[in-house]
Engineer: 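Just dropping this structure here.
Each chain gets a letter, A, B and so on, in the order its sequence line appears, and its residues count up from 1.
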Amino acid sequence: MKRMKSLLVSAVAGATLLAGTQIAQAGESKTNPIMGIPSAALARFGGEYGVHNWVESLFYYIMLDNRINYIFKEFGNVDRQIALNTQLETMVLGGPNEYQGASMSAAHADLGITMTQFNAVVEAAYNACERNNIAYYTCNHLIAALAPFTRVIVTK
Amino acid sequence: MKRVHMRSLRILQCAAVLAAGLAVSQEASADIYNDGKVLLTGGVFTVDGAGGGGAVPWATISGYETRDGINGSAAFTYVNLPALQVSFYGVNVGFWDRFELSYVDSRLSLNLPNLQTVALVASLADLDIGTEPWNSTLGMQTFGAKLRLFGDAVYTSDSWIPQVSIGGLYKKDRNEDLVKTLGGYKTKDYEIYLAATKIFFPISTLVNVTARYTSANEDGLTGFGACKNNGLGTGDCDNDRELRWEVSIAHLVAKNTAIGGEWQQHGNNTGGQSVNINGLNLTPIAGALANLGIDLGSALKQKNEGDWFDLFMAYAPNKNISFVVAYLMFGNISVAPDQNGFYFSTHLTF
């Protein structure tokens with residue numbers, strides 16, 4: 001099913017490329033939680049701008065956490081990671097799919113991320129919500145939307 | 001003297017278990033020690049020692065370890081009901097978020113005027129029925145193990161598949177005489193349970209359903225099964241295990257605070273029977289007490305055992321400690337009707 005979808009996505013992307021537009025191939029698609037993300041979720045995050053602020057806070061807490069900051073440091077260019085994460089989170093919260101990065105599995109395949117490290121990012125995510133005054137319940141919509149990525153991100 | 005000795009022995013036992021738990025978490029601190037779980041996702045400490053809610057064991061493995069290591073915890077729980085108080089001291093260790101071992105020592109003190117009257121008569125008559133004139137105590141040890149079979153309660157938000165675990169508990173009552181006086185049959189027995197747990201993030205709620213195969217009376221505190229004829233553990237006795245259901249619902253109002261409720265189905269093995277006193281005919285004692293205006297017949301009849309309900313609030317300021325306060329609705333317990341009261345628990349995680 002997933003493969004079908006990504007095939008479809010690449011087919012569409014291919015078609016658009018052929019058409020001469022400059023849209024890059026989407027490397028990731030929306031997750032599909034069983035209890036869906038309400039359409040107001042993105043607005044409650046403050047729209048794309050609010051999500052960007054949240055991602056900035058997220059990276060602030062990630063870079064302070066010695067359990068995980070070195071992983072992110074290795075890739076340098078935190079600004080680029082913030083931009084890509086803003087696109088990803090905007091998409092999973094119900095916004096348009098403008099994600100230009102690699103798929104979650106491709107991006108994390110060689111990193112050997114542990115569950116402990118993944119949970120550390122989740123803790124940073126909650127801290128970021130608190131820092132940006134995003135309600136706990138709203139924050140959980142984002143957690144629900146990102147949760148399925150656990151399977152491809154945590155490889156150890 | 002004997003009592004004092006017993007108590008100090010018990011304290012030593014507790015200390016040893018605690019020290020063992022500490023040693024495990026310290027020795028292993030280099031590699032194996034782990035506290036990577038997100039706050040409260042390991043559950044708190046049940047009265048059975050397993051990780052879960054207050055009374056209902058969940059499929060989650062206790063402690064803050066992830067699949068990368070080991071974590072342990074210790075807990076103290078105090079329950080205060082009109083006719084009885086129970087203290088639970090326990091420890092458990094979680095291995096790789098896969099396997100859990102637990103131990104709990106519980107002490108239930110009965111303050112029942114009707115039972116105390118019997119205790120007084122029994123002590124005057126020099127009968128050993130496990131009671132003390134002013135405070136009869138039921139002790140129990142619970143050994144537990146739990147294995148996570150499959151699923152992830154936390155992160156599989158795109159599937160209905162819950163985290164499922166199987167667990168076993170072995171319970172051993174200390175005051176065998178009193179268990180038999182109260183109509184119970186077995187004083188040692190096992191229980192097996194299957195638990196399914198899932199967190200629904202969009203509604204910030206954890207749901208757990210547990211099926212337990214057991215014959216316990218009041219969680220085993222008053223034994224297992226029943227003897228209809230006498231208090232000698234002989235005669236018309238049975239220990240029929242059955243499947244009983246338990247449900248926990250916990251709603252997270254913040255990342256460190258949960259409120260919720262629980263329901264635990266109970267059996268009714270001893271309901272309707274009179275308290276047994278060494279298989280003796282109670283009539284002469286009843287007659288003597290009747291002269292004092294005490295109706296022994298109905299006062300010593302066991303009430304129908306009620307299901308357990310509770311409403312709780314759990315608060316975890318950090319990964320080292322959490323507190324649970326709960327209001328319990330336990331129904332009838334033994335000869336005491338309508339036992340509602342409070343529960344306070346402290347859970348220390350290493």
Engineer: We want to know whether A:Asn119 and B:Thr66 form a side-chain donor-acceptor pair, criterion being a heavy-atom distance below 3.5 angstrom.
Structural biologist: no

Engineer: Could you tell me which portion of B:Asp152 (side chain, backbone, both or neither) has an atom closer than 4.5 angstrom to a non-hydrogen atom of chain A?
Structural biologist: side chain

Engineer: With the threshold set at 4.0 Å, does a side-chain nitrogen-carboxylate oxygen contact exist between B:Asp48 and B:Arg212?
Structural biologist: yes

Engineer: In terms of heavy-atom proximity below 4.5 Å to chain A, should B:Leu252 be classed as side chain, backbone, both, or neither?
Structural biologist: both

Engineer: Would you confirm whether A:Lys156, through its side chain, and A:Met115, through its main-chain N or O, come within 3.5 Å as a donor-acceptor pair?
Structural biologist: no

Engineer: Counting heavy-atom pairs under 4.5 Å with chain A, which one of B:Thr156, B:Leu39, B:Val253 comes out on top?
Structural biologist: B:Val253

Engineer: Examine whether an atom of A:Thr31 lies under 4.5 Å from a heavy atom of chain B, and if so say whether it belongs to the side chain, the backbone or both; otherwise answer neither.
Structural biologist: neither

Engineer: Do you know which of B:Trp245, B:Trp308, B:Phe330 makes ring-ring contact (aromatic ring centres under 6.0 Å, His included) with B:His266?
Structural biologist: B:Trp308

Engineer: Salt bridge between B:Glu242 and B:Arg244, side-chain N to carboxylate O under 4.0 Å?
Structural biologist: yes

Engineer: Identify which part of B:Ser159 has an atom lying under 4.5 Å from any heavy atom of chain A, answering side chain, backbone, both or neither.
Structural biologist: backbone

